[in-house]
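Below is one structure, written out as structure tokens; comments come after it.
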Amino acid sequence: MSIHLSYFNRNNTLISNSKINTGRNPVVELTYGATDYLIPAYGPTRLIFNLNLQPLIDKVNDTIIFSGSLSSVTHTLVMRNSASFDESLLNGKMPSQKRRASSFDLNLFRIPKTSGSTGNVQYWDEGVGYDYTDYSKNRNSNYSVIYPLVIKDDNAFSTTPSNWFNAQTLSGWTEPGIYNNKNEGKVNYSGLTIIDTQHFEFGNEDVSFNMTNEINAILSGSTTSYSGWGIAYPPSYENATGLTESYSVGFFSRHTQTFYEPYLLTTYNDLIKDDRNNFVKNRVNKLYLYVTDEDSYSNLDNNPIVNIFDNDGVVVGASNLSTKLITKGVYQVSVPNVFSGRTTPMVFTDVWSGMTLNGITLPNVENEFVLYDVNNRIKTGTKTTESETYNFDFYNIMQGEKILNTDVRKIGVIIKKAYSTSELLTNIKGFYRVYVKEGETQVQVQDWTEFNRTPNEYYFNFDTRDKIPNKYFVDLKVQIAGEITTYKKQLHFFIVNKK
């Protein structure tokens, strides 16, 4: 299992009936409710954003993510709540007199075309604004500061698009605010494509929208024209009457100076669990073929066929087995449970055939595996098994190494029993987790993920190209005999920008 992170390439907050642009503000504020006490006074706000999906599309085109298995690929939009660090902020008020919202819903929607689901794509610009107020005009007002501000021109304030009325300088939205929340306009809420809805109980939760179907439609080519997405309160909140306060929730935008830049988290299954060294009776086992061309993984022109042989010929039930591509250059065959009556240990041969690469016919590949009895893995007795501790070595990376954010590293993990320099473990279940630290807070980058297991190594791939420069830590976890042991900070490294 691997991950890919796709980041925003633009975002902006549309302010109801206003030309103010805050595209460069590090925090997105989504607001609804009364406007009488707001400084300045305005109605509901809506976030719009777009994603840089090209690196993800490139991985699909290069079959790092196999397009034939998109059904197992998931996508989640993640935005960090700006109030998630301090519970004392719950139900509090902001300097602008807005109360922090709680018990509300947010919708994720696709930005519609000029006629809703038809027409032209509505392309838009992020803008160069930052502030909600033009302080160059209001420097002597009551809600600025006690002493007059000396500001000749507020470069942080802008009314250039995008904003509530305009997508770009020479093009307006078909409907101000993108859609009409009372279904009385040219583009209405009822015609939107709602991707997901999330409920926020306390108001300090992070955004976690499921975009799986939406993004997979783009990766498969069934959705070809779009200009981004938006997040807003449902009309029942935006149109609510009788409220005496304005309510707001904030999330970090792509311009945050923290690690909490919003992103799309893509997870895809490229896990390799090769059973060649642990091929056991009475279960389905998996074998793999690894194809390289001049040390680079390469795909065959077609999937090979596998036959399993013993000394008497092809094993009944294990002939002409189909294979599937797992990731670039790696093919998997699932060998059915057809060995129940066999004695163990016994040697078998797996023959991979029907292979061509760039039109060139390749010879068959013959490998061997040994069939073991399942009882070899089962221990019985009057005493419990003793706990084990482990040591770890890494290769293809050094402790504290500074890695350019252009690298894709295959990080090998050697697992050994503690206090032993020679006893390597080859048949255990190992996991890794990647995170950074913001103060004392661990910010997860990749959740617990199982190592790839081949006949000769454990490893995981780490793509630095979609990671923010920072110091990264890796925890390891070993699961054996029902016991799970975690080993903290076994590896650390730095990702740095290429200059």
Parallel, tilted or perpendicular: ring planes of F49 versus F8, cut at 30 and 60 degrees: parallel

NZ/NE/NH1/NH2 to OD/OE distance under 4.0 Å, R409 and E401: yes

Any donor-acceptor N or O pair under 3.5 Å, side chains E457, Y395: yes

Flag for Q446-T449: side-chain donor and acceptor within less than 3.5 Å: yes

Residues D407, R465: salt bridge by 4.0 Å N-O rule: no

With I178, the side-chain contact (heavy atoms from CB on, under 4.5 Å) member among W124, W173, Y189: W173

Lys/Arg N to Asp/Glu carboxylate O, E245 vs K98, below 4.0 Å: no

Side-chain donor or acceptor of N183 paired with backbone N/O of N188 under 3.5 Å: no

Charged tip of R433 within 45° of Y435 ring normal and under 6.0 Å: yes

Single hit among N216, N213, T212 for side chain to side chain donor-acceptor pair (under 3.5 Å) with H75: N216

Residue of the set R24, R10, H255 for which side chain to side chain donor-acceptor pair (under 3.5 Å) holds with E126: H255

NZ/NE/NH1/NH2 to OD/OE distance under 4.0 Å, E238 and R46: yes

Any side-chain donor near an acceptor of the partner, T76 and N210, under 3.5 Å: no

Side-chain ion pair, R453 and D274, N-O less than 4.0 Å: no

Residue pair K471 / H492, side-chain donor-acceptor N/O under 3.5 Å: no

Single hit among T266, D270, N461 for side chain to side chain donor-acceptor pair (under 3.5 Å) with S2: D270

Any donor-acceptor N/O pair, S171 side chain to N166 backbone, under 3.5 Å: no

